[in-house]
Amino acid sequence: MLACLGRSANPETDSTVAIKRETMREIHTHLAPYWLGGLIEVASVDGGPTDEQLRIVQGLLRGYFGIESAIDLVPLPAEELRDIVVDQSSRYRLVQTMIILQFARHPASEILADSVERYAAALGVDEPMLVVARDAALHSRELLMADWARSARNSPIKPQPTNQSDEEFAAQFEALRSCPDGSLGRAFIDFYRSNEFAMPSAATGLGHSLVNHDFSHVITGYKPNDAVEEVALSAMLVSSANGEEHFSALAASMALYEVGLFDILGISPTKGVLDRHGAPDVFADAMRRGASCSADIATIDHLALADQPIRDVRASLSIPPRAV
């Protein structure tokens with residue numbers, strides 16, 4: 001048993017109530033000793049887990065599972081973990097979190113990549129971003145970019161007219177200026193104004209995908225152009241979609257901000273984003289907030305909600321406030 005903060009838990013007898021999700025899923029709090037123990041075990045190779053990886057696991061204990069008291073973690077080999085974590089969605093999210101830990105190993109480790117892939121195979125999880133995380137371990141920007149482009153799952157968005165002119169596209173967003181104070185539309189305009197962003201344009205080639213991303217910033221309250229906040233937004237979106245969408249975007253954020261190997265929109269890469277003070281707690285809280293959502297935040301029709309008070313939009317999506 002590996003102590004994390006002293007109390008042991010049993011998946012059959014723990015009386016902790018799972019956090020309910022209205023339409024999407026539960027956070028299986030009673031599995032925390034095994035889920036987090038699996039993260040510790042997968043990283044216990046090649047000199048690990050590192051201090052950064054341990055802080056991420058500790059953050060998940062409090063911020064995601066909501067456990068403030070001490071528990072004993074139970075590091076298990078993949079085959080034994082498979083017998084305890086039987087829900088396929090939970091397995092999928094567990095492997096995705098293992099990939100996050102893999103990005104957060106410095107120096108990067110091919111042995112850790114082997115370990116994560118072994119757990120993924122035992123848990124029956126086929127996650128395309130495994131190959132991208134391995135590319136990061138190889139320090140290969142060229143391979144990482146090629147494999148990410150090949151494997152990334154594009155997030156679904158509301159179908160848009162294929163013959164829409166740039167003027168028509170821009171007019172949609174100029175109309176948001178007339179939305180009432182306190183509305184989602186006005187908050188979107190204020191977001192662009194305060195950050196000195198140019199208004200969306202179809203000519204950029206990014207179009208509605210960038211608009212959806214920016215609406216997600218507005219609704220969730222995560223700041224743009226901040227490495228910790230951008231990673232947190234991606235983590236919340238993955239969690240809001242039950243791990244089924246957006247993980248390629250989170251992997252890209254980690255490749256950009258954790259290992260500095262991603263090229264996008266001229267953004268300057270950084271390293272060690274989750275090693276910054278407080279970052280693991282922000283990341284874990286984002287996962288918790290996403291788990292509480294009643295819909296995939298990034299794929300709703302934001303423009304159709306533009307006149308509604310933003311507080312009502314957040315309430316209708318069951319978005320909890322930020323804890324950190």
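None of the values given here were measured: they were computed from a predicted structure.
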Peer 1: Ignoring hydrogens and angles, tell me if any N or O in the side chain of Ser151 forms a donor-acceptor pair with the backbone of Asp147 under 3.5 Å.
Peer 2: yes
Peer 1: Just by distance, do the side chain of Ser239 and the backbone of Arg288 share a donor-acceptor pair under 3.5 Å?
Peer 2: no
Peer 1: Once you round to the nearest 0.5 Å, how far does CD1 of Ile56 lie from OG1 of Thr97?
Peer 2: 10.0 Å
Peer 1: List the atom of Ser253, the atom of Val231, and the distance in Å for their closest heavy-atom pair.
Peer 2: CB-CG2, 3.9 Å
Peer 1: Would a 4.5 Å heavy-atom cut-off, applied to side chains only, mark Phe283 and Val273 as touching?
Peer 2: no
Peer 1: Assess whether side chain to side chain donor-acceptor pair (under 3.5 Å) is satisfied between Tyr222 and Glu230, documenting all intermediate values.
Peer 2: CA-CA 7 Å; Tyr222 292 112; Glu230 291 284 2; over 6 Å; no
Peer 1: Can you get from Val259 to Ile267 by hopping between Ile, Leu, Val, Met, Phe, Trp and Tyr side chains that sit under 4.5 Å apart?
Peer 2: yes
Peer 1: Return the minimal non-hydrogen interatomic distance between Ala104 and Gln53, and the atom names on each side.
Peer 2: O-CG, 4.0 Å
Peer 1: What do the steps show when you test Tyr119 against Arg91 for side chain to side chain donor-acceptor pair (under 3.5 Å), and what is the final call?
Peer 2: CA-CA 10 Å; Tyr119 270 78; Arg91 287 180 178 183; over 6 Å; no
Peer 1: Does Leu138 share a hydrophobic cluster with Met129, counting links as ILVMFWY side-chain heavy atoms below 4.5 Å and allowing steps through other members?
Peer 2: no
Peer 1: Determine whether Val238 and Ile264 fall in the same hydrophobic cluster, where Ile, Leu, Val, Met, Phe, Trp and Tyr are linked whenever their side-chain heavy atoms lie under 4.5 Å apart.
Peer 2: yes
Peer 1: How far apart are the closest heavy atoms of Pro128 and Val131, and which atoms are they?
Peer 2: O-CG1, 3.1 Å
Peer 1: Less than 4.5 Å apart, any side-chain heavy atom of Leu112 and any of Val116?
Peer 2: yes
Peer 1: With sequence neighbours excluded, what pairs up with Thr220 under the side-chain hydrogen bond (donor to acceptor under 3.5 Å, both in side chains) test?
Peer 2: none
Peer 1: When hydrophobic residues are tied together by side-chain contacts of less than 4.5 Å, even through go-betweens, does Leu39 share a cluster with Ile111?
Peer 2: yes
Peer 1: Looking at side-chain heavy atoms only, is the closest gap between Asp83 and Glu79 below 4.5 Å?
Peer 2: no
Peer 1: Output yes when Arg322 and Asp285 qualify as a salt bridge under the 4.0 Å nitrogen-oxygen rule, no when they do not.
Peer 2: no
Peer 1: Does Trp148 use its side chain to pair, donor to acceptor, with the backbone of Val132 at less than 3.5 Å?
Peer 2: no
Peer 1: Kindly indicate whether the side chain of Ile319, heavy atoms from C-beta on, has any atom under 4.5 Å from the side chain of Arg289.
Peer 2: yes
Peer 1: Pair Val313, Leu305 - check side chain to side chain contact (heavy atoms under 4.5 Å, CB included), show working.
Peer 2: CA-CA 7 Å; Val313 173; Leu305 302 174; 4.2 Å; yes
Peer 1: Kindly state whether the ring of Phe197 and the ring of Phe191 have centres lying under 6.0 angstrom apart.
Peer 2: yes
Peer 1: Quick one, Met236 with Cys293, criterion side chain to side chain contact (heavy atoms under 4.5 Å, CB included). Give me CA distance, side-chain angles, the key distance, then yes/no.
Peer 2: CA-CA 9 Å; Met236 183 171 176; Cys293 293; 3.9 Å; yes
Peer 1: Look at the side chain of Arg55 and the backbone N and O of Gly278, then say whether any donor-acceptor pair between them is shorter than 3.5 Å.
Peer 2: no
Peer 1: Can you measure from NE2 (His217) to CG (Leu233) and round to the nearest 0.5 angstrom?
Peer 2: 5.0 Å
Peer 1: Looking at every non-hydrogen atom in both residues, tell me the closest pair between His246 and Ala298 and how far apart they are.
Peer 2: CE1-CB, 3.7 Å
Peer 1: Does the distance from a Lys or Arg side-chain N to an Asp or Glu carboxylate O, for Arg177 and Glu174, drop under 4.0 Å?
Peer 2: yes
Peer 1: Taking atom CZ of Arg150 and atom CG of Leu143, what is their separation to the nearest 0.5 Å?
Peer 2: 8.5 Å
Peer 1: Between CG of Leu237 and CG of Asp296, what distance do you get to the nearest 0.5 Å?
Peer 2: 7.0 Å
Peer 1: What's the shortest heavy-atom distance between Phe103 and Ala133, and which atoms?
Peer 2: CZ-CA, 3.9 Å
Peer 1: Going by an N to O cut-off under 4.0 Å, is there a salt bridge joining Asp135 and Arg141?
Peer 2: no
Peer 1: Would a 4.5 Å heavy-atom cut-off, applied to side chains only, mark Ile67 and Arg62 as touching?
Peer 2: no
Peer 1: Does some side-chain heavy atom of Asp114 sit less than 4.5 Å from a side-chain heavy atom of Val45?
Peer 2: no
Peer 1: Measure from the side-chain N and O atoms of Glu229 to the backbone N and O of Lys223, and report whether any donor-acceptor pair falls under 3.5 Å.
Peer 2: yes
Peer 1: Does the side chain to side chain donor-acceptor pair (under 3.5 Å) test come out yes or no for Glu258 and His106, once each step is laid out?
Peer 2: CA-CA 9 Å; Glu258 184 68 37; His106 307 291; 2.6 Å; yes
Peer 1: Kindly check if the number of other-residue, nucleotide or ligand heavy atoms within 6.0 Å of CZ (Arg276) is above 12?
Peer 2: yes
Peer 1: With rounding to the nearest 0.5 angstrom, report the CD1 to CD distance, Ile84 to Glu80.
Peer 2: 7.5 Å
Peer 1: Begin with the C-alpha distance, continue with both residues' side-chain angles, and end with the deciding distance and a verdict on side chain to side chain contact (heavy atoms under 4.5 Å, CB included) for Arg93 and Asn242.
Peer 2: CA-CA 8 Å; Arg93 295 190 302 273; Asn242 200 19; 2.6 Å; yes
Peer 1: Mind listing the closest non-hydrogen atom pair of Leu81 and Tyr34 along with its distance?
Peer 2: CD1-O, 3.4 Å
Peer 1: Kindly assign one of parallel, tilted or perpendicular to the pair Trp35 and Phe65, based on the angle between their ring planes and the thresholds 30° and 60°.
Peer 2: perpendicular
Peer 1: Taking C-beta and beyond as the side chain, do Tyr257 and Pro269 meet within less than 4.5 Å on heavy atoms?
Peer 2: no
Peer 1: Please determine whether side chain to side chain contact (heavy atoms under 4.5 Å, CB included) holds for the pair Leu176 and Arg186, giving the CA-CA distance in whole Å, both sets of side-chain angles, and the decisive distance to 0.1 Å.
Peer 2: CA-CA 6 Å; Leu176 298 179; Arg186 179 59 65 85; over 6 Å; no
Peer 1: Could you list the residues that satisfy side-chain contact (heavy atoms from CB on, under 4.5 Å) with Ala113, not counting sequence neighbours?
Peer 2: Gln102, Glu117, Arg134
Peer 1: Taking the six-membered ring for Trp, are Phe188 and Tyr192 parallel (under 30°), tilted (30 to 60°) or perpendicular (over 60°)?
Peer 2: tilted
Peer 1: Just so I know, are the side chains of Leu184 and Phe215 near enough to count as touching, which here means a heavy-atom distance under 4.5 Å?
Peer 2: yes
Peer 1: According to side-chain hydrogen bond (donor to acceptor under 3.5 Å, both in side chains), who are the partners of Ser115, at least two apart in sequence or on a separate chain?
Peer 2: none
Peer 1: Distance from Asp214 atom CG to Ile219 atom CD1, nearest 0.5 Å?
Peer 2: 11.0 Å
